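Below: one structure, written as structure tokens.
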Amino acid sequence: MAVQSVESSTTSVALGPAAALACRECGQRFGLGPIFACADCFGPLEVAYDLPTGDPEALRRRIEAGPDNIWRYAPLLPVPADVADKPGLNPGFTKLVKADNLARELGVTGGLYVKDDSGNPTHSFKDRVVAIAVEAARAFGFTTLSCSSTGNLAGAVGAAAARAGFRSCVFIPHDLEAGKVVMAAVYGGDLVGIEGTYDDVNRFCSELIGDPLGEGWGFVNVNLRPYYGEGSKTLAYEICEQLGWRLPDQIVIPIASGSQLTKIDKGLKELIALGLVEDRPYKIFGAQAEGCSPVSRAFKDGHDVVRPVKPDTIAKSLAIGNPADGPYVLDIARRTGGAVEDVTDAEIVDAIRLLARTEGIFAETAGGVTVGVTRKLIDSGALDPALTTVVLNTGDGLKTLDAVAAGPTATIRPSLEAFRAAGL
């Protein structure tokens, strides 16, 4: 993999405040390009910035005057200044629901909120990360958008590619939920099922990048991953703005690769550094399904290394047995005083029902994981019910209908007599 050092080359792409790619392990910096691993130590790369300086109030006003989507935060993202004028799905600025009914059920007195990202264009948070990756793909001259996906990302890439004028070819495990397969296929791109787990799919995509067949392809979560990951920061930005420009005390985030959690932490730290929020402690909690819980196991065992597992859970969007950002999740949970916990499939289903019954939000299985873990953390005393808490729902329950068995309360003849007899 060819890379160029910032010191020996001039960055030729216009991606706003993005200044370089920096290794999270050794700190080496490289020019902006479609690379994702450090040439020196093979550590993961992430975007380094020259962020705005000056009056925080002026920056707040600039953000608040922006569009009602993630492009209001364009001054803090690796995107061109005119990004809002380009054809795209324009995700973001989804509802932060004050969940008083759920709070009463769980015994939360300090304020409980659900950040409901099911309101995005393809009904998951993946629209955020793909929107940033599309801008990188444009900047680097790619013609095809691709990804390895557990479902939601495939749909987000297909839709974004259709809107932005790219060809798309996405790869998924062969046994995904039917709803996610349809949503990934309907946009007219190529959808390829791979016999195996998500980790098998991801390995295949890494091989394709190095083959002539993959020339001109931007894999949003591989060779465009440093840019793609930055989309998750917008969740942190929105939560704090919607709370009146203040940090939440506690936030519960689902873990698949772990990138969402690490980037939310990065976003919170950026807001503090920019003076947009008051600098005070916050705790980050990670949530996994018991059937794919390598990070939770490592946290509970006091380990720094995350041992891969073979996923076996209904929460297929979180079924990544070898999470790339797992060690960084452990660092953040420990640094902030949080934790990583997991719940069973039965607890996931119960939590989906609980959120739907109390707040009218039908979450996919990943949302059931976060709500279930929140309840478990409160019961164990790890999460303080007297503090302001935000729980993430990252997708729509219509994508995972097989997880929840539900139907009519009764089936009756069309008469009042029959209705009375049903006892309703």
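Small disclaimer: the values here were computed from a predicted structure and weren't measured. Side-chain atoms are counted along with the backbone in the values below, which use heavy atoms only and exclude waters and symmetry mates.
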Exercise for review: Decide yes or no on side-chain hydrogen bond (donor to acceptor under 3.5 Å, both in side chains) for Ser317 and Asn152, but give the supporting numbers first.
Suggested key: CA-CA 7 Å; Ser317 62; Asn152 284 326; 4.5 Å; no

**Study point:** Sub-4.5 Å side-chain heavy-atom contact between Val295 and Pro323
**Key:** yes

**Study point:** Distance, nearest 0.5 Å, that separates CZ of Arg246 from CG of Leu276
**Key:** 15.5 Å

Point to revise | Exercise: do Asn393 and Asp116 side chains pair donor with acceptor under 3.5 Å | key: yes

Point to revise | Of Asp211, Thr143, Ile209, Leu208, the residue whose pairing with Trp217 passes side chain to side chain contact (heavy atoms under 4.5 Å, CB included) | key: Leu208

Check your understanding: In this structure, are over 12 heavy atoms from other groups packed under 6.0 Å from Glu195 atom CD?
Key -> no

Exercise for review: Using a 4.5 Å cut-off on heavy atoms from C-beta on, say whether the side chain of Ile194 contacts that of Ile172.
Suggested key: no

Review point. Would you call Thr313 and Leu318 a side-chain contact if the rule is heavy atoms closer than 4.5 Å?
Key: no

**Study point:** salt bridge (charged side-chain N to carboxylate O under 4.0 Å, His left out) between Asp55 and Arg60, worked out
**Key:** CA-CA 9 Å; Asp55 182 7; Arg60 277 197 203 97; over 6 Å; no

Practice item. Consider only side-chain N and O atoms of Tyr328 and Lys263, and report whether a donor and an acceptor are under 3.5 Å apart. Key: no

Exercise for review: Could you tell me whether the side chain of Asp85 reaches within less than 4.5 Å of the side chain of Asp82, counting heavy atoms only?
Suggested key: yes

Exercise for review: Would you tell me whether Asn202 and Ser148 have side-chain atoms, one donor and one acceptor, within less than 3.5 Å of each other?
Suggested key: yes

Practice item. Find the distance between CG (Leu191) and NZ (Lys180) and round it off to the nearest 0.5 Å. Key: 13.5 Å

Review point. For the ring pair Phe142 and Phe166, is the centre-to-centre distance below 6.0 Å?
Key: no

Review point. For Pro17 and Ala74, which heavy atoms make the closest approach, and how far apart are they?
Key: CD-O, 4.1 Å

Practice item. With rounding to the nearest 0.5 Å, note down the distance linking CG in Leu271 to CG in Leu247. Key: 7.5 Å

Review point. If you measure only the distance, is there a donor-acceptor pair under 3.5 Å linking the side chains of Asp342 and Ser296?
Key: yes

Check your understanding: Do the charged groups of Arg24 and Asp331 touch, with an N to O distance under 4.0 Å?
Key -> no

Point to revise | Minimum side-chain heavy-atom gap Phe125-Thr234 below 4.5 Å | key: no

Check your understanding: So, does Asp127 use its side chain to make a donor-acceptor pair with the main chain of Thr122 at under 3.5 Å?
Key -> yes

Review point. Can a donor-acceptor pair be found between the side chains of Asp325 and Thr262 at a distance below 3.5 Å?
Key: yes

**Study point:** Lys/Arg N to Asp/Glu carboxylate O, Arg72 vs Glu238, below 4.0 Å
**Key:** no

Point to revise | Side-chain donor-acceptor pair present, Lys95, Gln242, cut-off under 3.5 Å | key: no

**Study point:** Candidate list Thr374, Ile251, Leu261, test side chain to side chain contact (heavy atoms under 4.5 Å, CB included), partner Leu392, passing option
**Key:** Ile251

Check your understanding: Could you state the interatomic distance from CG (Asn223) to CZ (Phe140), rounded to the nearest 0.5 Å?
Key -> 9.5 Å

Review point. Does Arg375 come within less than 4.0 Å of Glu105, counting only side-chain N to carboxylate O?
Key: no

Show the atom names and distances, to 0.1 Å, of all donor-acceptor pairs under 3.5 Å that link a side chain in residues 380-390 to residues at least two apart or in another chain.
residue, atom, partner, partner atom, Å
Ser380, OG, Lys376, O, 3.3
Ser380, OG, Leu377, O, 3.1
Ser380, OG, Ala382, N, 3.4
Asp384, OD1, Ala386, N, 2.9
Thr388, OG1, Gly110, O, 3.2
Thr389, OG1, Gln250, NE2, 2.7
Thr389, OG1, Leu387, O, 3.1

Exercise for review: Examine Tyr237 together with Phe93 and report whether their ring centres are nearer than 6.0 Å.
Suggested key: no

Review point. What pairs with Glu46 under side-chain hydrogen bond (donor to acceptor under 3.5 Å, both in side chains), at least two apart in sequence or on another chain?
Key: none

Check your understanding: Phe219 versus Tyr228: any side-chain heavy-atom pair under 4.5 Å?
Key -> no

Point to revise | Check: Asn101 side chain, Thr358 main-chain N or O, donor-acceptor pair, under 3.5 Å | key: yes

**Study point:** Backbone N/O of Val157 and side chain of Tyr187: donor-acceptor pair under 3.5 Å
**Key:** no

Practice item. Run the numbers on Tyr198 and Phe171 for ring-ring contact (aromatic ring centres under 6.0 Å, His included), then give the verdict. Key: CA-CA 9 Å; Tyr198 170 80; Phe171 301 88; over 10 Å; no

Check your understanding: Taking atom types as modelled and ignoring hydrogens, do the side chains of Thr94 and Arg128 form a donor-acceptor contact shorter than 3.5 angstrom?
Key -> yes

Check your understanding: Does any N or O in the side chain of Ser168 come within less than 3.5 Å of the main-chain N or O of Ala161, such that one atom is a donor and the other an acceptor?
Key -> no

Point to revise | Exercise: do Glu347 and Thr344 side chains pair donor with acceptor under 3.5 Å | key: yes

Practice item. Report yes if some heavy atom in the side chain of Glu364 is under 4.5 Å from a heavy atom in the side chain of Ile352; otherwise report no. Key: no

Review point. Do any N or O atoms from the side chain of Ser118 and from the backbone of Asp396 form a donor-acceptor pair under 3.5 angstrom?
Key: no

Point to revise | Centroid separation Tyr73 to Trp71 less than 6.0 Å | key: no

Check your understanding: Does CZ belonging to Arg307 count more than 12 external heavy atoms closer than 6.0 Å?
Key -> no

Review point. Can Arg280 and Asp249 be said to form a salt bridge (charged side-chain N to carboxylate O under 4.0 Å, His left out), step by step?
Key: CA-CA 9 Å; Arg280 59 184 181 83; Asp249 296 314; 2.6 Å; yes

Check your understanding: Between Arg62 and Glu57, is the closest basic N to carboxylate O distance under 4.0 Å?
Key -> no

Practice item. Output yes when Lys310 and Asp199 qualify as a salt bridge under the 4.0 Å nitrogen-oxygen rule, no when they do not. Key: no

**Study point:** Note: Glu177-Lys399 ion pair, threshold 4.0 Å (strictly below)
**Key:** no

Check your understanding: When you check the gap from the basic side-chain N to the acidic O, do Lys233 and Glu230 get nearer than 4.0 Å?
Key -> yes

Exercise for review: To the nearest 0.5 angstrom, please state how far the CD1 atom of Ile320 sits from the OG atom of Ser259.
Suggested key: 9.5 Å

Review point. If you measure from the Lys or Arg side-chain nitrogens to the Asp or Glu carboxylate oxygens, is any gap between Lys269 and Asp265 under 4.0 Å?
Key: yes

Exercise for review: Using distance alone, with no hydrogens and no angle criterion, decide if Ser257 and Arg225 have a side-chain donor and acceptor under 3.5 Å apart.
Suggested key: yes

Check your understanding: Is there a side-chain contact between Pro91 and Ile70, using heavy atoms and a 4.5 Å cut-off?
Key -> yes

